[in-house]
Amino acid sequence: MIITIVSTLMLMLGYFLMLYGVVGFIQDKRLFSSAPKENLAVIPDKKERFKGAHIIGWIIVVVAICLFVGAFALAIWDGAKNGFGTLRFFARFITMLYAMEIYDILFFDWYLLCHSNFFIHFYPELKSVDRSHFFGYNKKSHIMHFVTYIPVCAALALGLGVLV
């Protein structure tokens, strides 16, 4: 259970760092595909905020990707070490991914997007956009993730259950 929690926290930290690196430093609108259309319309195409900002952003993104990979590597390693079967691997992976999705909904969508100045700090142009209605703007995407995670976790767990 502790490893599942640690792995989930690693995913959450990686997810936040990914957002921070892209929004705060890279600032390339092509990477904002999941942002509300109203936000994209007012966000200007920016050059680097300061010399080296893109490099810092990409380093943060690489660290985030390493955290994602590390979270699953830790979860798999611990499961193999403790003789997990298919069902226990499935339970671990679905817990990790569902917790990450709930974190996305509550922290990214509800708090950062609708109730904080996180995005406005990097894009002052967003002050003019009414953010109160953004919560739930991407509910179809979240529902699709919740549904898609089931077969993905099942396939991964089945493969690992056979190997271990």
Side-chain angles (χ1 to χ4, degrees), residues 1-28 31-36 39 53-123 131-164:
M1 184 63 159
I2 297 294
I3 297 298
T4 303
I5 293 169
V6 169
S7 296
T8 303
L9 291 174
M10 289 171 66
L11 287 177
M12 291 175 178
L13 178 59
Y15 205 15
F16 176 75
L17 287 176
M18 181 78 67
L19 176 76
Y20 184 61
V22 169
V23 170
F25 295 96
I26 299 171
Q27 296 192 326
D28 187 336
L31 301 175
F32 298 170
S33 62
S34 66
N39 284 9
H54 290 167
I55 293 169
I56 292 169
W58 284 109
I59 289 169
I60 292 171
V61 167
V62 168
V63 169
I65 292 168
C66 289
L67 280 167
F68 291 140
V69 171
F72 278 95
L74 176 63
I76 292 168
W77 171 79
D78 178 70
K81 184 180 91 168
N82 290 307
F84 276 27
T86 302
L87 190 58
R88 287 179 69 192
F89 271 123
F90 176 79
R92 174 172 278 176
F93 295 141
I94 203 76
T95 300
M96 290 168 56
L97 291 177
Y98 275 14
M100 186 182 73
E101 196 69 24
I102 292 167
Y103 168 74
D104 180 5
I105 293 167
L106 296 177
F107 184 66
F108 286 7
D109 296 351
W110 185 79
Y111 180 70
L112 290 183
L113 183 63
C114 298
H115 295 92
S116 81
N117 289 323
F118 178 81
F119 293 99
I120 292 172
H121 174 75
F122 298 108
Y123 299 100
R131 298 175 294 151
S132 62
H133 68 282
F134 284 155
F135 186 68
Y137 80 96
N138 56 351
K139 65 181 161 242
K140 288 180 185 175
S141 174
H142 289 302
I143 291 168
M144 186 177 69
H145 289 163
F146 277 112
V147 171
T148 304
Y149 289 157
I150 295 169
V152 168
C153 290
L156 186 57
L158 187 60
L160 288 169
V162 170
L163 290 175
V164 176

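Heavy atoms only: backbone and side chains are in, while hydrogens, waters and symmetry mates are out.
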Quick one: closest heavy-atom pair of F90 and I150, and the distance?
-> CE1-O, 3.5 Å

With sequence neighbours excluded, residues passing side-chain contact (heavy atoms from CB on, under 4.5 Å) with A155 | none

M12 and L9, any side-chain heavy atoms less than 4.5 Å apart | yes

Are F107 and F16 close enough that some pair of their side-chain heavy atoms sits under 4.5 Å apart?
-> yes

V152 side chain reached by L156 side chain, heavy atoms, under 4.5 Å = no

Give, for atom CD1 of I26 and atom CH2 of W58, the distance between the pair rounded to the nearest 0.5 Å.
-> 4.5 Å

Kindly give the heavy-atom pair with the smallest separation between A157 and F89, and that separation in Å.
-> CB-CB, 3.8 Å

Heavy-atom side-chain proximity of T4 to M96 below 4.5 angstrom = yes

With a 4.5 Å heavy-atom cut-off, do L160 and F84 have their side chains touching?
-> no

Just say parallel, tilted or perpendicular for the rings of Y98 and F146, cut-offs at 30° and 60°.
-> perpendicular

In terms of heavy-atom contacts, P151 and T148 come closest through CD-O, 3.1 Å

Do the side chains of Y103 and L11 get nearer than 4.5 Å, heavy atoms only?
-> no

Give, for atom CZ of F25 and atom CD1 of I60, the distance between the pair rounded to the nearest 0.5 Å.
-> 4.5 Å

Say you draw a straight line from CG of L17 to CE of M10; how long is it, rounded to the nearest 0.5 Å?
-> 11.5 Å

Can you tell me how far NE2 of H54 sits from CD1 of I59, rounded to the nearest 0.5 angstrom?
-> 13.0 Å

Would you give me the side-chain donor-acceptor pairs under 3.5 Å for residues 61-79, sequence neighbours excluded?
from, atom 1, to, atom 2, distance (Å)
D78, OD1, N82, ND2, 2.9
D78, OD2, N82, ND2, 3.4
D78, OD2, R92, NH1, 3.1
D78, OD2, R92, NH2, 2.9

Shortest non-hydrogen contact from C153 toward L97 = SG-CD1, 3.5 Å

